[in-house]
Amino acid sequence: MKLAIFAAGFLSACVALAADPALTIYNQNFAVVREIIPLDLKQGVTSVRFAGTTAQLEPESVILRDPAGRRTLQILEQSYRNDPVSAELLLSLFEGKTIDFLVQRQDRTEVVPGKIIRSGYTSHGWVSQPDGVFRPPYPSGPASQPIIEVEGKLRFALPGLPLFPALADDTILKPAIDWLIQSDRPGQLDAELCYVSGGMNWEADYNLVAPGAGNDLDLVGWVTMGNQSGKAFESARVKLMAGDVNKLQPQQAAMVMRTGGAMAGMAGGAVPPVTEKTFEDYHLYTLERPVTLHDKETKQVEFVRASGVKSLVVYVYDGAKIDSNRYGGWNPEMIRQDSSYGTQSNPKVWVMREFVNSQANHLGMPLPKGRVRFYRRDSDGRQEFTGEDAIRHTPRDETIRMFTGAAFDLVGERRRVNYRVDHGRSMLDESFEIKLRNHKKEPVEVRVVEHLYRWNTWEIQLNSGPYTKTDSQTIEFRVPLQPGEEKTTTYAVHYTW
């Protein structure tokens with residue numbers, strides 16, 4: 001039912017009364033665009049052109065309606081034009097004809113007539129070269145080169161800047177939609193146009209700052225919006241949808257987008273820059289101030305700020321995990337099941353930071369996925385970068401755990417001391433020795449993670465200290481270390497199958 005949920009979100013985004021453009025941007029490189037456009041219709045069929053859509057509009061997603069519900073609009077035909085006039089396009093339209101070219105000589109400028117044998121139209125266009133001749137910047141073969149006849153001779157380049165006659169009636173200056181609209185009565189109205197467009201995206205970024213001593217954090221979250229749609233939006237009302245929305249191909253999705261939606265109310269009074277609410281199985285963030293998004297622009301808005309966030313620094317030693325230094329989500333990757341792999345050792349002790357996204361911890365807003373950067377204030381008050389990681393969509397009251405790097409003054413060493421297989425009795429015995437050394441000036445606790453990957457049925461027969469079974473194939477020892485101390489943890493495991 002994810003497609004139906006997306007359709008409901010699409011239609012809800014289309015229902016509004018304000019005249020300003022409205023955007024619901026998804027973090028999957030598309031957006032729902034809503035605009036109010038003036039129409040002057042005849043009774044019966046009217047031909048209408050609307051110029052100013054995005055360059056990545058999905059034509060099958062278009063909805064046009066009277067928001068007041070006073071008249072019925074039926075689109076009999078729709079044509080989407082995305083070939084705005086350009087020098088390259090006009091050259092292709094004038095193939096076989098003679099036009100003038102403005103040629104720059106060393107001491108003068110003159111106009112030279114040339115017949116366009118082949119335009120060499122490419123999506124890259126032409127640039128002026130140092131010799132004053134216009135050529136394609138990225139020629140893709142002979143077909144990309146223009147052929148111009150000048151004074152009875154062929155040239156495989158433009159002789160100069162082309163000078164075109166007036167625009168033809170069928171040329172367009174911006175992406176446009178041509179409609180044949182049937183209306184039950186004549187008159188002017190402000191119609192609501194709604195459609196899905198690619199080329200728009202958003203993501204979250206977080207900065208966490210720790211003081212010179214202690215682990216309380218200051219958190220600032222930014223929303224970064226990118227507009228590559230080919231259209232600018234002035235004073236737009238923007239909403240941001242967070243979640244993994246199932247997005248099908250436009251021709252598939254359009255079939256379920258023809259039913260009504262609901263309108264969400266706005267609370268009055270003072271509001272933060274961004275407000276959040278649950279929408280179906282996703283979360284919708286509303287920017288309370290209108291935002292202007294120019295084409296090819298990246299814009300940031302602060303959406304969350306908190307001080308005094310309680311956090312913990314967790315040290316993790318996963319000595320068998322050679323291929324990755326990540327421990328995010330407490331779910332290590334599968335280790336190769338061969339007898340020699342257990343003899344390798346990872347010397348790095350990982351530094352993890354964790355905190356609870358709760359109201360009691362000065363947070364409590366569902367946090368969208370994004371990059372997290374960590375800083376700590378030095379003794380001189382300057383903030384120094386200490387690592388970064390990425391978080392997933394995190395609901396309120398969940399714990400966020402992030403990897404920030406490897407500890408410089410903590411060292412681990414893992415060694416297998418026994419390995420014996422008895423195939424006749426379907427059993428295997430293996431034992432390990434893990435050493436940890438603390439070169440820091442303060443005591444620490446290191447979580448030693450061991451993966452019992454040989455078989456599903458296992459039993460710890462000997463162990464030097466208490467351990468916790470964290471899942472069906474993982475155990476964890478908590479090892480406290482004083483400054484300058486080295487400790488050894490040992491265990492023996494017995495597998496049967």
### Task
Let me see the working for Thr54 and Ser229 under side chain to side chain donor-acceptor pair (under 3.5 Å), right down to the final yes or no.
CA-CA 5 Å; Thr54 69; Ser229 68; 5.2 Å; no
### Query
Mind checking what makes side-chain contact (heavy atoms from CB on, under 4.5 Å) contact with Pro395, not counting sequence neighbours?
Glu398
### Query
Any side-chain heavy atom of Val301 within less than 4.5 Å of one from Trp202?
no
#### Entry: Non-hydrogen side-chain atoms of Gln78 and Leu64 separated by less than 4.5 Å
no
Donor-acceptor contacts, no H, no angles, side chain residues 479-488, under 3.5 Å, sequence neighbours left out:
residue: Glu485; atom: OE1; partner: Gln482; partner atom: N; Å: 2.7
residue: Glu486; atom: OE1; partner: Arg437; partner atom: NH1; Å: 3.2
residue: Lys487; atom: NZ; partner: Pro480; partner atom: O; Å: 2.9

### Message
Could you check whether any side-chain heavy atom of Glu430 comes within less than 4.5 Å of a side-chain heavy atom of Arg416, counting everything from C-beta outward?
### Response
yes
#### Entry: Close side-chain approach of Thr53 and Glu35, heavy atoms under 4.5 Å
no
### Message
Could you check whether any side-chain heavy atom of Leu284 comes within less than 4.5 Å of a side-chain heavy atom of Thr24, counting everything from C-beta outward?
### Response
yes
### Task
Indicate yes or no: at least one non-hydrogen side-chain atom of Asn361 is less than 4.5 angstrom from one of Phe355.
yes
### Query
Can you name the nearest heavy-atom pair linking Leu23 to Ala236, along with the distance?
CD1-CB, 4.2 Å
### Task
Go through the steps for Arg353 and Val313 under the test side chain to side chain contact (heavy atoms under 4.5 Å, CB included), then give the verdict.
CA-CA 5 Å; Arg353 173 81 66 169; Val313 175; 3.6 Å; yes
Considering only distance and modelled atom types, tabulate donor-acceptor pairs under 3.5 Å from the side chains of residues 293-300, sequence neighbours left out.
residue: Asp295; atom: OD1; partner: Gly230; partner atom: N; Å: 2.9
residue: Glu297; atom: OE1; partner: His294; partner atom: N; Å: 2.6
residue: Lys299; atom: NZ; partner: Thr292; partner atom: O; Å: 2.6
residue: Gln300; atom: NE2; partner: Thr224; partner atom: OG1; Å: 3.1

### Task
Test side chain to side chain contact (heavy atoms under 4.5 Å, CB included) on Tyr206 and Ile391 and set out the steps.
CA-CA 10 Å; Tyr206 304 90; Ile391 64 171; 3.7 Å; yes
### Task
Would you give the length of the straight line joining atom CG of Leu312 to atom CG of Asn215, rounded to the nearest 0.5 angstrom?
7.0 Å
### Task
Looking only at non-hydrogen atoms, find the nearest pair between Asp318 and Val449 and report the distance.
OD1-O, 3.7 Å
### Query
Can any side-chain N or O of Arg34 pair as donor or acceptor with the backbone N or O of Asp20 at less than 3.5 Å?
yes
### Query
Are any side-chain N or O atoms of Asn357 and backbone N or O atoms of Met365, one a donor and one an acceptor, separated by less than 3.5 Å?
yes
### Query
Which residue pairs pass the salt bridge (charged side-chain N to carboxylate O under 4.0 Å, His left out) test with at least one member in residues 195-204, sequence neighbours excluded?
none
### Task
Please round to the nearest 0.5 Å and tell me the distance separating atom CG of Asn201 and atom CG of Asn27.
6.5 Å
Sequence neighbours excluded and cut-off under 3.5 Å, please list the side-chain donor-acceptor pairs for residues 489-497, or say none.
residue: Tyr491; atom: OH; partner: Glu450; partner atom: OE1; Å: 2.5
residue: His494; atom: ND1; partner: Asp429; partner atom: OD1; Å: 2.7

### Task
Ignoring hydrogens and angles, tell me if any N or O in the side chain of Arg237 forms a donor-acceptor pair with the backbone of Glu288 under 3.5 Å.
yes
### Any donor-acceptor N/O pair, Tyr317 side chain to Val411 backbone, under 3.5 Å
no
### Task
Kindly compute the distance separating OH (Tyr453) from CD (Gln473), expressed to the nearest 0.5 Å.
11.0 Å
### Check ion pair Arg373-Glu388 (N to O, under 4.0 angstrom)
yes
### Query
Mind checking what makes side-chain contact (heavy atoms from CB on, under 4.5 Å) contact with Val220, not counting sequence neighbours?
Trp222, Glu302, Arg305
### Task
Assess whether side chain to side chain contact (heavy atoms under 4.5 Å, CB included) is satisfied between Thr386 and Thr404, documenting all intermediate values.
CA-CA 7 Å; Thr386 59; Thr404 62; 5.8 Å; no
### Query
For Leu193, does its backbone N or O pair with a side-chain atom of Arg65 as donor and acceptor, under 3.5 Å?
no
### Message
Run Arg289 and Val291 through side chain to side chain contact (heavy atoms under 4.5 Å, CB included) and show every step you take.
### Response
CA-CA 6 Å; Arg289 295 179 62 253; Val291 174; 5.6 Å; no
### Query
Under the salt bridge (charged side-chain N to carboxylate O under 4.0 Å, His left out) rule, what pairs show up with a residue in residues 209-219, not counting sequence neighbours?
Asp216-Lys310, Asp218-Arg377
### Between CZ on residue Phe432 and OH on residue Tyr419, distance to nearest 0.5 Å
9.5 Å
### Task
Measure across Met225 and Leu287 and return the closest heavy-atom pair with its distance rounded to 0.1 Å.
CE-CD2, 3.8 Å
### Task
Output the distance between atom CG (Asp389) and atom CD1 (Ile400), rounded to the nearest 0.5 Å.
11.0 Å
### Query
Between Ile177 and Leu57, is any pair of side-chain heavy atoms under 4.5 Å apart?
yes
### Task
Applying salt bridge (charged side-chain N to carboxylate O under 4.0 Å, His left out), name anything that partners Asp397, two or more places apart in sequence or on another chain.
none
### Message
Test your reading of the model: is there a side-chain donor-acceptor pair from Thr394 to the backbone of Arg392, 3.5 Å cut-off?
### Response
yes
### Message
Among residues at least two apart in sequence or on other chains, which ones pass salt bridge (charged side-chain N to carboxylate O under 4.0 Å, His left out) with Arg478?
### Response
Glu445, Glu476
### Query
Parallel under 30°, tilted from 30 to 60°, perpendicular over 60°: which one fits the rings of Tyr285 and His283?
tilted
### Query
So, does Trp458 use its side chain to make a donor-acceptor pair with the main chain of Ser472 at under 3.5 Å?
yes
### Query
For Val444 and Tyr315, which heavy atoms make the closest approach, and how far apart are they?
CG1-CE1, 3.8 Å
### Task
Please name the pair of heavy atoms, one in Ala176 and one in Ala51, separated by the smallest distance, quoted to 0.1 Å.
CB-CA, 3.9 Å
### Query
Considering only heavy atoms from C-beta outward, does the side chain of Lys369 approach that of His393 to under 4.5 Å?
yes
#### Entry: Test salt bridge (charged side-chain N to carboxylate O under 4.0 Å, His left out) applied to Glu442 - qualifying residues, sequence neighbours left out
Lys440
### Query
Does anything in residues 357-382 pair up under ring pair (Phe, Tyr, Trp, His ring centres under 6.0 Å), and if so which pairs, sequence neighbours excluded?
Tyr375-Phe385
### Task
Using the test ring-ring contact (aromatic ring centres under 6.0 Å, His included), find all partners of Tyr467 that sit at least two apart in sequence or belong to another chain.
Phe477
### Message
Measuring from atom CD of Glu58 to atom CD of Gln56, what distance do you get when rounded to the nearest 0.5 angstrom?
### Response
9.5 Å
### Query
Which atom names give the shortest non-hydrogen contact between Glu234 and Pro21, and what distance separates them?
O-CG, 3.3 Å
#### Entry: Trace of the side chain to side chain donor-acceptor pair (under 3.5 Å) decision for Asp471 with Thr474
CA-CA 5 Å; Asp471 62 38; Thr474 309; 2.8 Å; yes
#### Entry: Residue Gln359 excluded, over 12 heavy atoms near CD under 6.0 Å
no
